[in-house]
Amino acid sequence: MKIIELSRVNFKYHITYALKDVSFSVNTNDFIGLIGPNGGGKSTLLKLLLGILTPNSGKIEIFGEDIKKSIDLIGYVPQNTDFNRDFPISVIDVVLMGRLKKNSFGKYSNNDRQIAKEALKRVKMYDFRERAIGTLSGGQRQRVFIARALASKPKIILLDEPTANIDSKGQKEVFEILKELNTGMTIILVTHDISSIIEYAKTIIYVDRTIYIHNSPKLSITNLKDKLNITDGHLCPIELINYGVCK
Ligand code: ADP
Ligand code: MG
């Protein structure tokens, strides 16, 4: 079933287009990896899906409705940042922030707490619930932010470079959790981690102002070049050079 549909979306910040003529649809339980060069428009695309930005022209529908009606169905996980490690907030309080959208009274109910605890169990961080967020590793912290997104009971989760600056063990743990979540929810993830996205994504979308879609689960590095229509002499995205896809 189609749950997100973009038709001929154009967006510009000032005079130049960050995204031009972007059309694609997303099905239930898809796992989409957004890749592409820096400045290619990946974060802009997520912000349009979150309703933070509005297209200059074109249309975005989520569950067949205008984006404003469906905003509660989307969870968001920000880029991993090494924010102030002394910030004295516990893991469970970070996850409870995910209930704020659903709870306009500013006070958490027992139900909110129960949902936050369940979210922590799903990302295997329940035993860390009383720890200060700043004492966790980058990978553990990202799992807590995934739990915060889950606490709002979304149908779709958007993640912007969630594993940037995380060690490879932590990255794998994050991707394994996303794989499990993907059995019941749609995932759209921006990443520079080409090898992980090839392993975990069902669809890869290459974003460089316009988009190129590749519905090729389990792409191998060797055929990625063909799938992405990268020809020799064509400018190679920096992150693909490392994988020998093009020069
Ligand atoms: P990516 O996430 O793929 O690196 P972005 O979506 O952040 O790319 O940026 C796409 C283009 O839009 C870039 O040229 C960037 O400089 C520009 N851009 C991003 N955010 C803003 C902004 N707030 N104001 C003006 N230009 C922006
Ligand atoms: Mg970005």
Side-chain angles (χ1 to χ4, degrees), residues 4-26 30-60 62 67-68 71 74-83 138-139 141-142 145-146 148-149 154 156-166 170-171 174-175 178 186-198 200-214 219 224-225 227-230 234-243 245-246:
I4 299 177
E5 179 137 43
L6 284 85
S7 339
R8 315 211 65 173
V9 168
N10 287 304
F11 178 80
K12 49 190 172 186
Y13 285 100
H14 300 296
I15 45 170
T16 52
Y17 282 98
L19 290 170
K20 196 154 172 51
D21 204 17
V22 171
S23 300
F24 66 91
S25 53
V26 179
D30 205 345
F31 189 142
I32 295 186
L34 299 177
I35 62 169
N38 284 329
K42 302 178 296 297
S43 295
T44 302
L45 186 52
L46 289 194
K47 286 174 192 161
L48 287 163
L49 291 171
L50 284 163
I52 296 170
L53 298 174
T54 310
N56 294 92
S57 61
K59 200 165 72 170
I60 303 180
I62 298 183
I67 208 160
K68 290 188 184 68
I71 211 72
I74 302 184
Y76 175 67
V77 179
Q79 196 165 344
N80 173 49
T81 49
D82 223 2
F83 71 94
R141 227 162 41 220
Q142 274 313 69
F145 283 108
I146 292 172
R148 183 179 68 166
I156 304 163
I157 298 194
L158 308 183
L159 306 96
D160 199 349
E161 300 190 37
T163 57
N165 312 311
I166 291 176
Q171 288 183 355
V174 168
F175 273 102
L178 293 176
T186 306
I187 294 177
I188 303 178
L189 172 143
V190 172
T191 189
H192 287 285
D193 182 355
I194 300 287
S195 55
S196 294
I197 210 62
I198 287 169
Y200 292 94
K202 295 172 182 163
T203 306
I204 293 180
I205 300 182
Y206 183 83
V207 186
D208 188 7
R209 207 151 69 107
T210 55
I211 60 157
Y212 306 87
I213 304 176
H214 309 281
L219 281 173
L224 186 62
K225 180 174 168 175
K227 299 288 181 194
L228 292 178
N229 293 324
I230 292 164
H234 189 286
L235 205 59
C236 187
I238 189 88
E239 65 270 29
L240 295 184
I241 295 173
N242 298 335
Y243 290 91
V245 174
C246 51

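Predicted, not measured: the structure shown is a model, and the values here were computed from it. Each ligand, and each atom within it, is numbered from 1 in the order the structure gives.
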Specify the protein heavy atom at minimum distance from [atom]: its residue, its atom name, and the distance to 0.1 Å.
{"atom": "atom 7 (O) of ligand 1", "answer": "Ser43 CB, 3.8 Å"}
{"atom": "atom 15 (C) of ligand 1", "answer": "Gly39 CA, 4.8 Å"}
{"atom": "atom 18 (N) of ligand 1", "answer": "Tyr13 CE1, 3.3 Å"}
{"atom": "atom 9 (O) of ligand 1", "answer": "Thr44 OG1, 3.8 Å"}

Does ligand 1 have an atom that lies less than 4.0 angstrom from a heavy atom of Gly41? yes
N/O separation below 3.5 Å, Gly40 to ligand 1: yes
Would you say ligand 1 has an N or O under 3.5 Å from any N or O of Asn38? no
For Pro37, the ligand 1 atoms with a heavy-atom partner under 4.0 Å come out as 3 (O)
If the plane angle is over 60° it's perpendicular, under 30° parallel, otherwise tilted; pick one for Tyr212 and Tyr206. tilted
Would you say [X]'s side chain and [Y]'s backbone share a donor-acceptor pair under 3.5 angstrom?
{"X": "Lys12", "Y": "Asn56", "result": "no"}
{"X": "Gln171", "Y": "Ala164", "result": "no"}
{"X": "Asn10", "Y": "Asp21", "result": "yes"}
{"X": "Ser23", "Y": "Arg8", "result": "yes"}
{"X": "Asp160", "Y": "Ser43", "result": "no"}

Region of His14 engaging ligand 1 - heavy atom pairs below 4.0 Å: side chain
Donor on one side chain, acceptor on other, Asp208 and Thr210, under 3.5 Å: no
Near the Mg ion (ligand 2) (protein N/O/S, cut-off 2.8 Å, waters excluded) we have Ser43 OG
With side chains defined as the heavy atoms from C-beta onward, is the minimum distance between Ile198 and Ile204 less than 4.5 Å? yes
Per side chain to side chain contact (heavy atoms under 4.5 Å, CB included), Val174 is matched among Val77, Leu189, Leu159, Ile146 by Ile146
Test side chain to side chain contact (heavy atoms under 4.5 Å, CB included) applied to Leu6 and Leu48, Val26, Leu45, the passing residue: Leu45
